[in-house]
Each structure stands twice: as C-alpha cells, then as structure tokens.
Amino acid sequence: MYGMLLESVQHYIKTDHGEHMWRSVLEHIGLKNTVFTTHVIYPDHVMIDLSKACSTLIGDRTPEEYLEYFGQCFVKFFSHYGYDKIVRISGRHYRDFLKEIDNLHENMRFSFPRMHSPSFNVSEEDGNGCVLVYRSRRQGFTPYVIGQLCECATQFYGINVTVSKITQCSIDVGYHTKFRLNFTNSAFREKAGASSPLYPSEFPALSANTIFKLFPFCIVFDENLVIRHTGNNLPMLLESDSLIGSELPTRFLIRRPLIDCTWSNIKRLQRVMFEVQYRSPVHRLSIVSLGSGVRPQASKVLLRGQVKFMEDWNMMVFLCTPLVSGLTDLEKMGLYISDLNMYDNSRQMVMTGWQHSSVLEYSIEQQVKQSEKISATMRELDDWQQNSNMLLYNMIPETIAKDLKNGVDPIKTCQVFEDVTILFSYLVDFDLICTRGTPLQIVQCINNIFIVFDNIVDKHGCFKVETLGDAVYMVAGGVPDRHPNHAHQVAGLALDLLRLSKELKDPTTGKNLQFRLGIHSGGVVGGVIGRRMPQYCLFGDTVNTASRMQSHGEPGKIHLSEQCNQHLEGSKFITISRGTIYVKGKGNMETYWLIEENQD
C-alpha cells in the first residue's frame, strides 16, 4: 500500500495521543524511527500491525475498532491533498458516490500508478439503502473499509450510515465481501415498466462502421462471451488476427473490477471503468541492442474503457484504448499518436503525462530523500536521548526519572520504605594516597574503582545512591523498586566488591587497594531533592547505622548489623558473630562478619 494511508494513521495518533505514543507504537512493530512517505510502497501487514500495537499500548479499542478508526482517519486526511474535491463531485447523492468508487480509484491511479485498489459495486438498492459488494486482494481490511464508507457519508453527504456484513468468502482474485448499508436513500427511484424517451430522435441509428472508426481498439462479444468483432487497430496492437471467434476469457483477463468474467457481471457494471489485460505476451522491438541488431522483448498490453450493451445487436462492446502513461510506453507498444483515438482524451493524456512525468518523478525522489533524512535524524536523536537517559538514570532511579519527565512534582516522589538494606564502602588510607599521588593519578584511581563498582551494582539490581569526595560509595537494595530479598542482593554485591577490589592497585605504591564495607537493614525515606540539580537521596537512622557499620569495620571485611544478619539467616550466605562492640552514637551492638556465599 502507498504511504499516504499510513501517513493518515501517523498524523491522527500523534494528534490524539502524542509523539511519544506514536514512537512507542512504531517500536512495538519493529519500525522504530520510520517516517512514512506518500508515494512509497509499504507491506500491507503494516496497517494490521499498527492496529494491534495501538490496541495493546493505548488500550481503548480492539484491533478491529482501530482499523475502522484508521479508515475514518484516512478520509479526513486525504483532504490535505485535495482529494476531498474529487469525492464531492463524484455524485450528487451518496448512492451515486458508491457507484463511482471504482472510477475514483481509476482516476487516482494516474498519481499512484502502482496502486492495487479494491473493487466496489452496488448489487441491490432500495429506499432504505443498498447492498455493496467489496472485492479485494487483501485480507483483513474489512473494518478499514467500513470506517471509510461511514466517514465519507458523514463528511461529504451529511448522512449517517450503518454497515453490516452479510457474507464473506475467498475467490480466485482475493476476498469477496457483501455489505448491507442502511441509510435514507431518497434519491432512489423504482423503475416502473419500460421508459420511453421524451423526445424521439430524428436522426438515423449510428452505423457499426462509424463506431469502429470512433473506437479503433474496441471489442464486441455476445452473451456466450465469444468475440464477434474488433476495432481496426486492435489486431495490429496485439499482433494477432485470430481474435474473432475465440472466447473472451481465454484471450483477456479482467484486472478491474475484481469480478468473475460472466455476461451478467459485465452487463451489471456498465458504469464502471474496466481494465483488461491481453493474456498472451506481445513482442516489440526493444531499443536495447543485442550484438549488431535488436532483440524482441515481451510486454503485456492493458486496455482501459467502459462496456456498453448494444440492444439492437444483443451484444456488448468494450469501448477501450490502450493504457499508455507516456511517450515511452507508446514507443514500446509500437504505436504512434495517430493510432490513438482522437475523439477521447487518450492523445492529450499521453502528451500531458510526458510533460509532467519528469517533474513528478523529481518531486517523489525529493520527498523520499527528505523522509530518509528525517528518519536518520530521528535515529540520531534517539541515540542522544538514550545517552541522556543513561546519565539521568545514573543519578536518579529510572522509575523516579520517568515520573519527573512526565511532569510529576519532585515532592510527590518521596516514599517511605519500611525495610531496605544500605551498604557503605570506604577506600582505606585514601588520605595517604591523595598525599602521595598526583591529581591525575587520584582521578584515574577513583574512576577505575567506580567503573568496577558500578558494573557490580547493575549486575545485582541495586541502586547506587551517591559517591562522596572521600571515597565513600553508597548502595541501596530494595529502593526505589521494592524487593523482598534486598539483603541478599546487597550481600552478594558486597562479596563481589571485595573479590574484584583485589584487582585494583594503589597508583603510588602498586599494592592492592583495601576497602571497609558495612551493611545495615531498616526503614528509610527516599525522594528527589532539588530542582536545578535534582538528586535522589535516602534519609533515616538506617543510613546512619549503615555508615557506622562501615566506619567500625576492618579493612577487607564486610561488617553486618544484627538486623541485616537476621535477613540472611537460613540463606546461602555464611556469617559469623563478631560479638558485642561499642558503636559511636549507637551504644553497644552485636554485629557480624559476612564470610562467603555457599555455592552448593
């Protein structure tokens, strides 16, 4: 399908739900940062995928309801391109519009030459509506069509239409669906008997010779679909003198409308534009050289026109001309301007197409390049946004940061956490290292430590609360995303910190760096502080106690409070009692050492 259909979805999803939701929908279907372009062809399943994604992410409609909504959006959207004028002048009444849909599609194919449009025809009609037959090569677009039919009735004819599906089945050329459209069909008039002309003609009947001169490519066939006569130029075009006497379906394929080739079907659709393809390939001289000469090249021939029932003959005649888009096609088919019918607009269309095709192609190329440039810019923007999010999530928890980005007041992010685990880590003899080393050595040393520690924090699903200037590293488990085993997370993290710290060296002596670690569990209050440089902070006595566990610990060991040890009892973590010690500001406390993690 052409990109204009998808552009309409893009426009209204952005309008109704915002740019962020549209980008989420595209990412959900695997088309992240895609910009749909009017004249670019996209797979049919993209529309179906969009309806399912919107139903999942937005959740206010089912996928079928979203398809119907997309159909309504397209009718509103194509007014931006001026196609609403074509619809408005297609008929005085809604019933007239329904009978002209196929012809509207045919006219639009000059702007969209690769369009595979569906086929519509009114099979029954009464004062309360009509029965509309819809045929399409695409499956699953019935709700989309219903949305378009209802929106056209409302927007262009000011009437309300209810649509119900009568039958649906598969046919050779796709899918066949029969709708009942209920509306006030005031323009319908029942035919009462045969009607006679108001003013009898004073002129003699038009002779068959004259008709064949007027339409040199026409085809005459009887009720058995046997070809009885052709226009003078058709045998030359098709390189065949054996058309007369053969059956129409064996020599020609009806491409549009999508119907079975029967006498009744064709006779019923005399108001509809037909497109017919000659089944046998036609060989023309190619302009591509082959050795010292030229080679024949097979090509298909398309005929376009209307079918008329000739009552005097009891036959139908297909009044058609070759479907030629420009001078290049004319040359490939071995035709000349003088071969075309001078009594319709075929000559004018060929010349007009030649004059404007290069301008149109250039415009399409520019539009495609612009869309590609926008897509590349959006991908670059997405990369920068991911980088900025990464920086933000290093300072503020992701869940809290998303709330702030959505406009939540920082004060409202404050929460009470009844039970979490806090770890403090301190680089032993950091003051001596600063005294002995150069500023660059100190910065590189701290950077190496934090890179190792940050990776371990991410591995264990904890949150780095802050790092202080005197080489204190603070980590929290169960904040802000609550977790029942927060103490186990932090304990595993602490053991990994000690294990990997043995690979870190003092830049001034080359010896292994040593760390003191302290852990405590309890309740805290967490929230974002500040507006200009917001920071997620934890407050409460639990933070102070965890800091005391670190400061009263020993290098290369993990010091636990009794509350943290209780969380680890019965787990794979092995602890031993340190006994009762005096803790500044806390008094006597029984504390423990975390020894190892049992791997069995």
Side-chain angles (χ1 to χ4, degrees), residues 417-430 449 452-453 455-465 468 470-479 482-506 511-524 538 540-600:
F417 298 89
E418 293 78 9
D419 197 18
V420 301
T421 299
I422 306 295
L423 174 145
F424 276 92
S425 171
Y426 176 72
L427 176 57
V428 178
D429 295 332
F430 178 66
I449 293 172
V452 172
F453 282 18
N455 290 335
I456 298 174
V457 170
D458 293 338
K459 171 186 172 183
H460 290 274
C462 298
F463 174 66
K464 181 180 77 172
V465 182
L468 305 179
D470 57 351
V472 174
Y473 192 95
M474 178 181 173
V475 178
V479 177
R482 302 174 191 270
H483 196 284
N485 295 324
H486 50 83
H488 300 72
Q489 289 179 308
V490 176
L493 180 149
L495 290 170
D496 278 351
L497 288 180
L498 277 189
R499 178 175 55 83
L500 293 176
S501 67
K502 297 177 182 178
E503 302 175 3
L504 299 171
K505 305 295 182 180
D506 183 334
K511 296 180 179 180
N512 291 338
L513 295 174
Q514 288 190 311
F515 295 86
R516 287 197 310 265
L517 284 78
I519 307 176
H520 175 62
S521 298
V524 296
L538 300 179
D541 188 60
T542 298
V543 177
N544 298 329
T545 304
S547 179
R548 292 288 186 266
M549 291 296 101
Q550 175 274 125
S551 60
H552 287 71
E554 296 179 3
K557 292 187 177 181
I558 304 171
H559 194 201
L560 307 179
S561 68
E562 184 176 5
Q563 290 85 343
C564 180
N565 185 71
Q566 290 174 354
H567 281 287
L568 300 178
E569 287 180 351
S571 68
K572 58 185 178 180
F573 294 99
I574 301 174
T575 64
I576 61 173
S577 175
R578 184 185 184 184
T580 301
I581 64 171
Y582 177 79
V583 178
K584 181 180 178 181
K586 298 295 178 182
N588 293 327
M589 294 181 63
E590 184 176 1
T591 61
Y592 299 81
W593 298 116
L594 175 61
I595 303 301
E596 62 180 341
E597 181 180 4
N598 191 343
Q599 300 298 327
D600 295 337

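Contact of the Tyr473 side chain with the Leu427 side chain is not registered, since no non-hydrogen atoms from C-beta on lie closer than 4.5 Å. Side-chain contact between Thr421 and Gln489 is absent, with no heavy atoms from C-beta onward closer than 4.5 Å.
Between Val475 and Cys462 the shortest heavy-atom distance is CG1-CB, 3.7 Å. Pairing each heavy atom of Ser521 with each of His486, the nearest pair is OG-CE1, 4.5 Å. Closest approach of Ala494 and Leu423 over heavy atoms only: CB-CD1, 3.6 Å. Taking each heavy atom of Lys464 and Val457 in turn, the nearest pair found is N-CG1, 3.9 Å. When all heavy atoms of Leu538 and Val543 are compared, the closest pair comes out as O-CG2, 3.9 Å.
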Worksheet item: Hey, mind stepping through Met474 and Ile422 against side chain to side chain contact (heavy atoms under 4.5 Å, CB included) and telling me if it holds?
Response: CA-CA 7 Å; Met474 178 181 173; Ile422 306 295; 4.0 Å; yes
Worksheet item: Run the side chain to side chain contact (heavy atoms under 4.5 Å, CB included) check on Phe573 and Leu560 step by step: do they pass?
Response: CA-CA 12 Å; Phe573 294 99; Leu560 307 179; over 6 Å; no
Discussion item. Quick one, Lys505 with Asn512, criterion side chain to side chain contact (heavy atoms under 4.5 Å, CB included). Give me CA distance, side-chain angles, the key distance, then yes/no.
Written reply: CA-CA 5 Å; Lys505 305 295 182 180; Asn512 291 338; 2.5 Å; yes
Worksheet item: After noting the C-alpha distance and the side-chain angles of Met549 and Val583, does the key distance pass the side chain to side chain contact (heavy atoms under 4.5 Å, CB included) rule?
Response: CA-CA 8 Å; Met549 291 296 101; Val583 178; 4.2 Å; yes
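Distance check: Leu568 CG to Ile519 CD1 gives 7.5 Å after rounding to the nearest 0.5 Å. How far NZ of Lys557 is from CZ of Arg578: 7.5 Å, rounded to the nearest 0.5 Å. To the nearest 0.5 Å, atoms CD (Glu569) and OG1 (Thr575) are separated by 7.0 Å. The distance from atom OG of Ser561 to atom CZ of Arg548, rounded to the nearest 0.5 Å, is 14.0 Å. Atom CD1 of residue Ile558 and atom CD of residue Glu596 lie 11.0 Å apart, to the nearest 0.5 angstrom. Distance check: Glu554 CD to Gln514 CD gives 11.0 Å after rounding to the nearest 0.5 Å.
Of the possible donor and acceptor atoms, none in the side chain of Thr545 sits under 3.5 Å from a partner among the backbone N and O of Thr542. Checking side-chain atoms of His552 against main-chain N and O of Lys584 turns up a donor-acceptor pair under 3.5 Å. Although no hydrogens or angles enter the test, the distance criterion places a donor-acceptor pair under 3.5 Å between the side chain of Ser501 and the main chain of Leu497.
Aromatic pair His488/His483: ring centres not closer than 6.0 Å.
Taking the six-membered ring for Trp and thresholds of 30 and 60 degrees, Phe515 and Phe453 have ring planes inclined between 30 and 60 degrees apart.
No side-chain N or O of His559 forms a donor-acceptor pair with one of Arg516 less than 3.5 Å apart.
Under the side-chain contact (heavy atoms from CB on, under 4.5 Å) test applied with Leu500, the options Ile449, Leu495, Val452 reduce to a single match, Val452.
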